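Just below is one structure, and these are the notes that go with it.
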Amino acid sequence: MAPSDPVVADPAADPAADMPADWAALWEALLRARAVPSAAAGPAGPCSPASAAWLELYKPLLDARQAPGGSDARPWVLAQLGQSLDGCVATSAGDSYFVTGAHSLLHLHRLRALCDAVLVGAGTVAVDNPQLTTRRVPGPHPVRVVLDPAARLDGSARLLRDGAAPTLWLCDSRHAAAARERLAAASAEVLAVDGLLDAAEPARGPDLARAFAALATRGLRVMLVEGGGVTVSRCLEAGLLDRLHLVIAPVIIGTGRRGLQHPGPARMADCLRPPTRRLALGEDMLWDLDLRGPTGFATTPG
Ligand SMILES: NC(=O)c1ccc[n+]([C@@H]2O[C@H](COP(=O)([O-])OP(=O)(O)OC[C@H]3O[C@@H](n4cnc5c(N)ncnc54)[C@H](OP(=O)(O)O)[C@@H]3O)[C@@H](O)[C@H]2O)c1
């Protein structure tokens, strides 16, 4: 079981000290662009080559805000997983504190600050009891969303009760009353979605397009899916991801909990091989996959 309140990935590391000198000003500019979508997504003048690489990494999240879209437009979705060299996001016991290092953790908090909402699966909430706030960086907390189609959680999770940020417990309408009863006076809200689970075949998993559509009607247009492996894989399989950040740490877990685990094609030639960029995050390597680029998904969700 993971510790309930992890503090830092590596207490000896100070990832902020490794950022370029002009980074703080650039981050402020990015937060301004997040708040005012019509503002330019970047600095007024030139920035250092190191900051330019960071800008390129975060700019798609700001560009997504400028895309036309009413309340019925599907959100733009980025998923991120921190995994071992052998493709695991946690040990077999579910311990994921920490797979990746301090630099990667800071990057994750930046992603949260640039998104409207962060979504995790119920398995992650049950095991990690996460906070999903931006406490390591300046910037707003995203709306926190727990995807729990059959409302299997008992309602005691910290993020449902701490009031640190608006929080949605997203479940199928048929399970909403049970979730509301468990929440009682807690500050989180149950978001009931009709047809999230197929009544005849609930084992098929949730209809994620419906889930994201329900979030879009709440004005949540730029989303971070932060795990676990089952949830990110389901989003990928449904063709709902625009971008994927895979952060690979130099560690071998062995028989652990898998990251991506969707059924792939039989032929290598049919596998996803989207355009990528790489960026070192301390000892880890971030792979930034543009899933809407050539040889990624088709341009519309599958
Ligand atoms: N390294 C990383 O980046 C990262 C990020 C997030 C999480 N994690 C780790 O990933 C693991 C969780 O991920 P995951 O892929 O197993 O699940 P997940 O994607 O977080 O959640 C979906 C899965 O959880 C199951 N589930 C639903 N309610 C549950 C409950 N109350 N208790 C336990 N499981 C429940 C679901 O089963 P049904 O579909 O049958 O309902 C489904 O298989 C944890 O060990 C966590 O530490 C790692």
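Since the model is a prediction, treat every value here as computed from it, not as a measurement. Counting starts at 1 for both ligands and their atoms, in listed order.
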Open item on the list: Can you name the atoms of ligand 1, numbered from 1 with element, that are less than 4.0 Å from a heavy atom of Glu226?
Closed with: 5 (C), 6 (C)

TODO: Applying salt bridge (Lys or Arg N to Asp or Glu O under 4.0 Å), run through Arg234 and Asp207 and close with a yes or a no.
DONE: CA-CA 9 Å; Arg234 284 174 173 167; Asp207 182 337; over 6 Å; no

Open item on the list: Nearest non-hydrogen contact with atom 14 (P) of ligand 1 belongs to which option: Val127, Val230, Asp128, Val232?
Closed with: Val230

Task: Shortest non-hydrogen contact from Ala113 toward Val137 - done: CB-CG2, 4.3 Å

- [ ] Decide, yes or no, whether a salt bridge links Arg221 with Asp116 under the criterion of side-chain N to carboxylate O below 4.0 Å.
- [x] no

Task: Proximal atoms of ligand 1 relative to Gly229 (non-hydrogen, under 4.0 Å) - done: 13 (O), 15 (O)

Task: Donor + acceptor pair across side chains of His141, Thr134 (<3.5 Å) - done: yes

Open item on the list: Given His103, which partner from the list Asp14, Asp284, Asp18 fulfils the side-chain hydrogen bond (donor to acceptor under 3.5 Å, both in side chains) test?
Closed with: Asp18

Open item on the list: Please list, in number order, the atoms of ligand 1 under 4.0 Å from a heavy atom of Gly121.
Closed with: 18 (P), 20 (O), 21 (O)

TODO: Please could you name the atoms of ligand 1 that Thr231 approaches to less than 4.0 Å, counting only its heavy atoms?
DONE: 18 (P), 19 (O), 21 (O), 22 (C)

TODO: Measure the distances from the heavy atoms of Arg234 to every atom of ligand 1 and state whether one is below 4.0 angstrom.
DONE: yes

TODO: Compare Val99, Val89, Leu197 and give the one whose heavy atom is closest to atom 4 (C) of ligand 1.
DONE: Val89

TODO: Select the closest option to atom 44 (C) of ligand 1 among Ser84, Gly94, Ala122, judged by heavy-atom distance.
DONE: Gly94

Task: Selected option - heavy-atom contact closest to atom 29 (C) of ligand 1, from Arg152, Gln261, His245 - done: Arg152

Task: Where ligand 1 meets Gly82 - atom numbers and elements under 4.0 angstrom, heavy-atom basis - done: 1 (N), 2 (C), 3 (O)

Open item on the list: Testing the basics here: between Met285 and Arg278, what is the closest heavy-atom pair and its distance to 0.1 Å?
Closed with: SD-CB, 3.9 Å

Task: Sub-3.5 Å N/O-N/O distance, Thr124 and ligand 1 - done: yes

Open item on the list: Cation-pi check for Trp54 against Arg110: NZ or CZ below 6.0 Å from the six-membered ring centre and within 45 degrees of the axis, yes or no?
Closed with: yes

Task: Sub-4.0 Å heavy-atom contact, Leu81 with ligand 1 - done: yes

Open item on the list: Does the plane of the ring in His245 sit parallel, tilted or perpendicular to the ring in His107? Use 30° and 60° as the thresholds.
Closed with: parallel

Open item on the list: Using every non-hydrogen atom in the two residues, find where Gly259 and Ser233 come nearest and quote the distance to one decimal.
Closed with: O-OG, 3.4 Å

TODO: Would you kindly specify which portion of Arg258 sits under 4.0 Å from ligand 1, judged on non-hydrogen atoms: side chain, backbone, both or neither?
DONE: neither

Task: Within reach of ligand 1, part of Ala126 (heavy-atom separation under 4.0 Å) - done: side chain

